[in-house]
Structure formats: C-alpha cells, structure tokens
Amino acid sequence: MENNLTAVTEFFLLGFQINQGLRHSLFSIFLVVYCGTICGNLLILILVSISKTLHTPMYFFISQLSICDLLLTIDLVPNLLHVLLNNGGTITFIGCMTQFCFFSAEETSECFLLTVMSYDRYLAICNPLHYASIMTSSCCVILAAMCWFFAFSVVFIDIIFTTQLIFCGPNIIDHLFCDMVPLLELACSDTFIVHLGIYLLSIPVIFIPTAIIVQSYTYIVLAILRIPSITGRHKAFSTCSSHLIVVSIFYWTMFSVYVVPTKGLTLTMSKVLSLLYTVFTPLVNPIIYSLRNKDITKAVQKVVYQRVI
C-alpha cells in the first residue's frame, strides 16, 4: 500500500472560513497591525542605535527583541494577509518548512531573550554594585549570540524530525500558518519520535527559561520589598515592570496554545490564541516599552526636537 502513496508537494492553508466582509475587515486590521509593528520596532532599533543614553544592556536586549519581532512579523504576516484576502492560500512544502523554521527560531529566540532580560533586571536590582562589571558590552553580545545560536540549533533538530515525516494524504492545513501541531495531524507516518522530540526540547526552550524568570522575579520582588521608602520601591519596580508585562503576555499565550491541553479549544480559538503571540505581541512590545519607559520617551522627544531645529 505504501507504494501507492503520493508525496505532498504543497499545502493549502484554510485561514478563517468566514464571510467575505468579515475577512476584508480582518485583512484591514492585520495590515494596520503589520505596518504598526514594522514602524514601532524599527523606531526602537533606531533610537537604541543613535541615542547614547540608551546604550545600556537593558536597551541592547530590547533592540534584540525588536529584531526578533520584526523577523517574526515579516515571516508570517504577508502570507497571512494573502490567505485572508483569498479565503485560503497555497504554500509549497519547502515554503511551509521554511516558514515553520524561521517562525520557530524567532519564537525560541524570544524565549531565551526574555530569560536573559530577566537575569539582567535581577542583577540591576539585587546586585547593583557589580552590575556594570558583570553586564559588560562583550557579555551582552555573547549572551545575545547564544540566544540566537541555541534557538536555531533547537529548530534545526525540529526540522530534521519534521522532514522525516511522510505527507501523502490530505494537504489542507486548518490553520493560519505552518505550525508543528497541524502539520503532525497530516502526517501519514508514525509521529511518536517527533512528539517525543518536541516534549524533550520543550524542557530547555520553555520550562527552564520559565523557571529562571520566576526565580529572578522572586528575588527582585523580595529585594524591592526590603527598600524602606515607597519612592525607592516604585523606582526599582518601574525598571522591570515593562519586561514583566511583556513576559506575562508572551508566556500566557504560548502556554495556552502549546502546553495546556487543546481538546477543549475550538479550532477558531486556537487560531486566535496563535495570533496573539505571533501578530499582536510584536506590536504590543514596542508600545509597552515606549509608553512605560521615560528614557525612550525622552529619546523620541530629543530626536524630534533636533529634526525641528
């Protein structure tokens, strides 16, 4: 029977199966989100590059996060817009694997970057006297490079497992983009090894970073509570509140999609949750860091003032 199987060379992404008017409305919303995400993250990158007051470890890692969000948006949203506009869209097998590769690498990089950023905030608040000597420029570059290297290494292993699967039957992916779960549902071969690999890789990618972030913020909260003045507490907490909000949004949506059992979720709800951390989080990140950060606000005002003068 295996001799009669035909290898799938392309997939069809269903997207949202809704009426044309609603699809066009969603297309307009996502187009605005796309433009806003590109502009917001480019603004962060430009400000961190040209403003000397932002040449610190915290803003260096924020700029790395912006690069991650930009790449994620460019990888997913243009094809998502095409799928919405045409009530579905075809993507080649190689194109699907490529999209999945970059999407996974960027999401994994963000996990590691958020973990490094939590460690940076821990050092700044709990060990301020040694902060400058530990978080040097070379140390920041090495940490960022390690985040990207480990992310692509993990995804490379994922891709090797995925490309070993045989896709021979239905080629319709009831999703918005090429993701692991809907791809595994279409595989004709045994997926046990791939599932096992995913569970094992989730330990260094999700659970260990989560544990480090929780531990870092536990120490941060305890350190802040020991500060006698209310003003001092507020100032200390304000330096990490933006990061805490970003971490909460990112991990809540990711855990909802990949960790919490999905049997109770409808396909539509699963798609909506996927959109939260792939499309809306990259838009929200620069907004949170801009609105809740006086340094970035001052840098924007300074650049605008210089241009006006």
Side-chain angles (χ1 to χ4, degrees), residues 8-18 22-24 26-38 41 68-111 151-152 154-156 158-159 161-163 165 167 170-187 191 194 198 201-202 205-206 249-250 253-259 262 265-285:
V8 170
T9 57
E10 62 182 24
F11 295 104
F12 186 81
L13 293 166
L14 276 183
F16 287 111
Q17 294 300 297
I18 49 180
L22 191 53
R23 277 193 293 107
H24 287 173
L26 286 176
F27 174 85
S28 302
I29 292 171
F30 289 137
L31 182 60
V32 172
V33 169
Y34 177 67
C35 295
T37 302
I38 298 294
N41 285 288
C68 194
D69 287 338
L70 273 173
L71 293 175
L72 178 65
T73 302
I74 293 169
D75 178 42
L76 294 183
V77 179
N79 190 63
L80 172 61
L81 292 172
H82 172 76
V83 169
L84 280 173
L85 199 60
N86 296 280
N87 199 25
T90 303
I91 185 170
T92 63
F93 179 82
I94 295 175
C96 189
M97 290 298 109
T98 303
Q99 186 187 63
F100 170 69
C101 175
F102 282 99
F103 154 68
S104 300
E106 287 136 18
E107 288 296 326
T108 307
S109 299
E110 188 151 350
C111 285
F152 276 96
V154 167
V155 171
F156 181 69
D158 251 351
I159 291 294
F161 281 130
T162 309
T163 52
L165 295 174
F167 297 94
N171 68 335
I172 298 175
I173 300 177
D174 193 1
H175 204 49
L176 302 164
F177 51 87
C178 291
D179 200 0
M180 178 62 80
V181 175
L183 279 173
L184 290 178
E185 291 176 353
L186 297 181
T191 60
V194 181
I198 292 171
L201 288 173
S202 67
V205 172
I206 297 177
I249 294 172
F250 178 78
T253 52
M254 191 173 67
F255 269 74
S256 298
V257 174
Y258 296 110
V259 180
T262 56
L265 292 177
T266 62
L267 286 171
T268 302
M269 182 57 67
S270 180
K271 293 175 188 177
V272 170
L273 288 173
S274 297
L275 286 174
L276 287 178
Y277 75 92
T278 57
V279 177
F280 289 101
T281 299
L283 171 69
V284 171
N285 286 352

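Note that this is a predicted model, so its numbers are computed, not measured. Along the sequence shown, residues are numbered consecutively beginning with 1.
Note that the CG atom of Leu76 and the OG1 atom of Thr278 stand 5.5 Å from one another [nearest 0.5 Å]. The structure places CD1 of Ile249 at 13.5 Å from CE of Met254, a figure rounded to the nearest 0.5 Å. How far CZ of Phe161 is from CG of Leu201: 7.0 Å, rounded to the nearest 0.5 Å. Going from atom CG of Leu276 over to atom CZ of Phe250 covers 12.5 Å, rounded to the nearest 0.5 Å. Put simply, CZ on Phe156 and SG on Cys101 are 9.5 Å apart, with the number rounded to the nearest 0.5 Å. In this structure, Ser109 OG and Phe152 CZ are separated by 6.0 Å, a value rounded to the nearest 0.5 Å.
In this structure Phe93 satisfies the side chain to side chain contact (heavy atoms under 4.5 Å, CB included) test together with Phe11, Met97, Phe167, sequence neighbours excluded. Listed by chain and residue number, nothing satisfies the side chain to side chain contact (heavy atoms under 4.5 Å, CB included) test with Ser28 (two or more places apart in sequence, or in another chain). Listed by chain and residue number, nothing satisfies the side-chain hydrogen bond (donor to acceptor under 3.5 Å, both in side chains) test with Thr253 (two or more places apart in sequence, or in another chain). Under the side chain to side chain contact (heavy atoms under 4.5 Å, CB included) criterion, Leu283 pairs with Val33, Thr37, Ile287, not counting sequence neighbours. Among residues two or more places apart in sequence or in another chain, the side chain to side chain contact (heavy atoms under 4.5 Å, CB included) test is passed with Thr98 by Ile94, Phe102.
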Name each donor-acceptor pair under 3.5 Å that joins a side chain in residues 176-184 to protein atoms two or more places apart or in another chain, with its distance.
unit_1, atom_1, unit_2, atom_2, d
Asp179, OD1, Tyr258, OH, 3.2
Asp179, OD2, Tyr258, OH, 2.5

Report, one line per pair, each donor and acceptor closer than 3.5 Å where one atom sits in a side chain of residues 78-88; sequence neighbours left out.
unit_1, atom_1, unit_2, atom_2, d
His82, ND1, Asn86, ND2, 3.1
Asn86, ND2, His82, O, 2.8
Asn87, OD1, Arg23, NE, 3.4

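Glu110 is listed as a side-chain neighbour of Asn285, based on a closest heavy-atom distance under 4.5 Å. Side-chain contact between Asn171 and Leu186 is absent, with no heavy atoms from C-beta onward closer than 4.5 Å. Put simply, the side chain of Cys96 reaches to within 4.5 Å of the side chain of Ile173, judged on heavy atoms.
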Check the pair Phe100, Ile159 against side chain to side chain contact (heavy atoms under 4.5 Å, CB included), reporting the backbone distance first and the verdict last. CA-CA 8 Å; Phe100 170 69; Ile159 291 294; 3.5 Å; yes
Applying side chain to side chain contact (heavy atoms under 4.5 Å, CB included), run through Glu185 and Thr191 and close with a yes or a no. CA-CA 9 Å; Glu185 291 176 353; Thr191 60; over 6 Å; no
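Checked against Ile198 for a side chain to side chain contact (heavy atoms under 4.5 Å, CB included), the options Asp158, Thr162, Val205 give a single hit: Asp158.
Looking only at distances, a side-chain donor or acceptor of Asp75 sits under 3.5 Å from a matching main-chain atom of Phe103.
In this structure, His175 and Ser274 approach most closely via the heavy-atom pair CE1-OG, 3.5 Å. Closest heavy-atom contact between Ala105 and Ala151: O-CB, 3.6 Å. Closest approach of Tyr277 and Leu72 over heavy atoms only: O-CD2, 4.0 Å.
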